[in-house]
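A short worksheet on the structure shown next.
Keep in mind that this is a model prediction, so the values were computed, not measured. Along the sequence shown, residues carry numbers from 1.
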Amino acid sequence: MNPQVSELARQIARHVPVDGVHSTAIPELCFRRASRESEPTHTINMPSLYIIVQGSKTAALAGDSFLLDPGTYMVTSVHLPVIGKIIEASPETPYLSLALTLNPDVLVDINKKSSPPPKERGKGEGRGILVHPSTPPLLDAMLRLVHLLDTPADIDMLAPLVIREIFYRVLQGEQGAAIRQFAVIGSYAQGISSAIHQINENYAQPLVMEELATRVNMSPTTFHKQFKRVTAMSPLQYQKMIRLQTARRLLLTEGLDAATAGFQVGYGSPSQFSREYARLFGRPPMSDVQHLRDSLGEG
């Protein structure tokens, strides 16, 4: 294994001796540890950089599936409903990864002040998700960021600089154009990013395609095409995923009944909510929540 990846695994294991997702003294950085394989987990991935350093997992978006092995990084440029599954983990060799939140303003500023590699120019229209092997400069910068956790007094001054370097390395990588497109003011990708933000903020409200397209300065036809290019689904399919995943969280954490949860996320018909919930998660709402609680040891 790459020695930089091994060192990252050692450092993360030192900071997180128990399973779970752990925040750090660097607000943008968190670690994850898991000692066993997982069932498919539906999550809304924030715009972030993820690096797997031990174990492996799969990530699926609509019809696309990706394998993430040690040293692989994944970037999601917008909020995306990704299905993740840890496929290699054990108590002796736990799954270890880190996530670094992507600040769109930082990305735009880096893009303004740096030029894309010559081989990248003219490219840049693709999904809002990118999976690629990490480069030594990227891993070196990530190690320096993690090491800052041992010198807390340096974090406020140095962490923003190292985070900036990390995303610069991603933008300069072989597939940096896939991320750079979201940092171009007025681009289709940035318009779709804005629309996704609006859907996430107002997911319980009816989605009027023409109004949303107008807000991001596109025709309805162009908007639909570009939205599907970035997310692998239509705007209505995307909204449905956000609604159902939010309802699942409400059912699990707030103890709501199915009809109330469905109403809160925008469903007027309890039967339609239950039908679409079961289609996505494989079980009716309350059976699914009980299964989740049992798997988490809360049953």
Side-chain angles (χ1 to χ4, degrees), residues 1-46 48-61 65-76 80-101 129 131-136 138-152 166 245 248-249 251-253 280-283 287-299:
M1 185 185 292
N2 183 305
Q4 292 170 303
V5 176
S6 297
E7 176 62 13
L8 272 172
R10 191 179 76 81
Q11 291 296 327
I12 293 174
R14 182 168 66 86
H15 285 288
V16 290
V18 297
D19 287 358
V21 177
H22 303 264
S23 58
T24 72
I26 300 171
E28 298 88 347
L29 179 68
C30 68
F31 299 140
R32 183 178 183 188
R33 176 183 180 125
S35 297
R36 60 177 181 174
E37 299 172 1
S38 72
E39 293 189 7
T41 304
H42 295 252
T43 56
I44 304 296
N45 279 30
M46 301 278 288
S48 299
L49 166 68
Y50 305 85
I51 299 182
I52 284 69
V53 299
Q54 190 166 278
S56 59
K57 72 177 293 184
T58 59
L61 173 66
S65 184
F66 308 92
L67 174 64
L68 288 80
D69 284 325
T72 303
Y73 72 81
M74 178 174 76
V75 179
T76 50
L80 289 174
V82 175
I83 303 173
K85 179 175 171 32
I86 296 172
I87 59 173
E88 186 179 338
S90 68
E92 298 75 25
T93 310
Y95 169 88
L96 298 169
S97 66
L98 58 84
L100 186 64
T101 303
I129 189 169
V131 174
H132 200 263
S134 300
T135 62
L138 174 61
L139 292 170
D140 177 67
M142 190 60 75
L143 268 170
R144 282 185 278 115
L145 183 68
V146 172
H147 281 308
L148 284 176
L149 295 173
D150 294 324
T151 56
I166 288 167
Q245 291 199 29
R248 196 187 206 195
R249 177 178 56 77
L251 288 165
L252 187 61
T253 61
L280 178 61
F281 298 119
R283 296 179 179 87
S287 298
D288 177 57
V289 169
Q290 187 59 52
H291 174 78
L292 287 170
R293 287 180 177 148
D294 290 343
S295 67
L296 293 170
E298 299 176 4

Fill in: Sidechain-backbone polar pair: T41 side chain, E39 backbone, donor-acceptor under 3.5 Å
yes
For T76 and M46 the tightest heavy-atom approach is OG1-O, 2.7 Å
Evaluate Y50 against N45 for side-chain contact (heavy atoms from CB on, under 4.5 Å), listing each step before the verdict. CA-CA 10 Å; Y50 305 85; N45 279 30; 3.6 Å; yes
Item checked: Side chain proximity check, R144 to I166, heavy atoms < 4.5 angstrom -> no
Margin query: Is it the case that the side chains of Q11 and R14 hold a donor-acceptor pair, with the cut-off being a distance below 3.5 Å and no angle test?
Written below: yes
Q.
Could you check whether any side-chain heavy atom of I44 comes within less than 4.5 Å of a side-chain heavy atom of P81, counting everything from C-beta outward?
A. yes
Heavy-atom nearest pair, I86 first then K57, reads CA-CB, 3.8 Å
Scanning both residues in full, the closest heavy-atom pair of C30 with T24 reads CA-CG2, 4.2 Å
To the nearest 0.5 Å, atom CE of M142 lies from atom CD of Q4 at 11.5 Å
In this structure, CG of L67 is separated from CD1 of I87 (nearest 0.5 Å) by 5.0 Å
* Using atom types as modelled and distance alone, determine if a side-chain donor or acceptor of R293 lies under 3.5 Å from a backbone N or O of L252. => yes
* Asked: If only atom types and distance count, is the side chain of K85 paired as donor or acceptor with the main-chain N or O of S38 below 3.5 Å?
  -> yes
**Message:** Evaluate R248 against D288 for side-chain contact (heavy atoms from CB on, under 4.5 Å), listing each step before the verdict.
**Reply:** CA-CA 9 Å; R248 196 187 206 195; D288 177 57; 2.8 Å; yes
Which of V146, L145, T101 passes side-chain contact (heavy atoms from CB on, under 4.5 Å) with I26? Answer is L145
Heavy atoms of D19 and S35 approach each other most closely as OD1-OG, 2.8 Å
Between S97 and I52, the two heavy atoms sitting closest are CB-CA, 4.1 Å
Exercise. Let me see the working for V18 and H22 under side-chain contact (heavy atoms from CB on, under 4.5 Å), right down to the final yes or no.
Key: CA-CA 9 Å; V18 297; H22 303 264; 3.7 Å; yes
Going through the checks in order, is the side-chain contact (heavy atoms from CB on, under 4.5 Å) test met by Y95 and E88?
CA-CA 7 Å; Y95 169 88; E88 186 179 338; over 6 Å; no
Rounding to 0.5 Å, atoms CG (L138) and CG (L49) come to a distance of 6.5 Å
Rounded to the nearest 0.5 angstrom, the OG-CG distance for S56 and D69 is 5.0 Å
Residues Q54 and A9: closest non-hydrogen pair is OE1-CB, 3.9 Å
d(I51 CD1, T72 OG1) to nearest 0.5 Å is 9.5 Å
Once you measure the plane-to-plane angle for H42 and F281, does it fall in the parallel (<30°), tilted (30-60°) or perpendicular (>60°) bin? perpendicular
_Donor-acceptor check, side chain of Q245 to backbone of T43, threshold 3.5 angstrom: yes or no?_
yes
CD1 of I12 to CG of L98, rounded to nearest 0.5 Å, is 4.5 Å
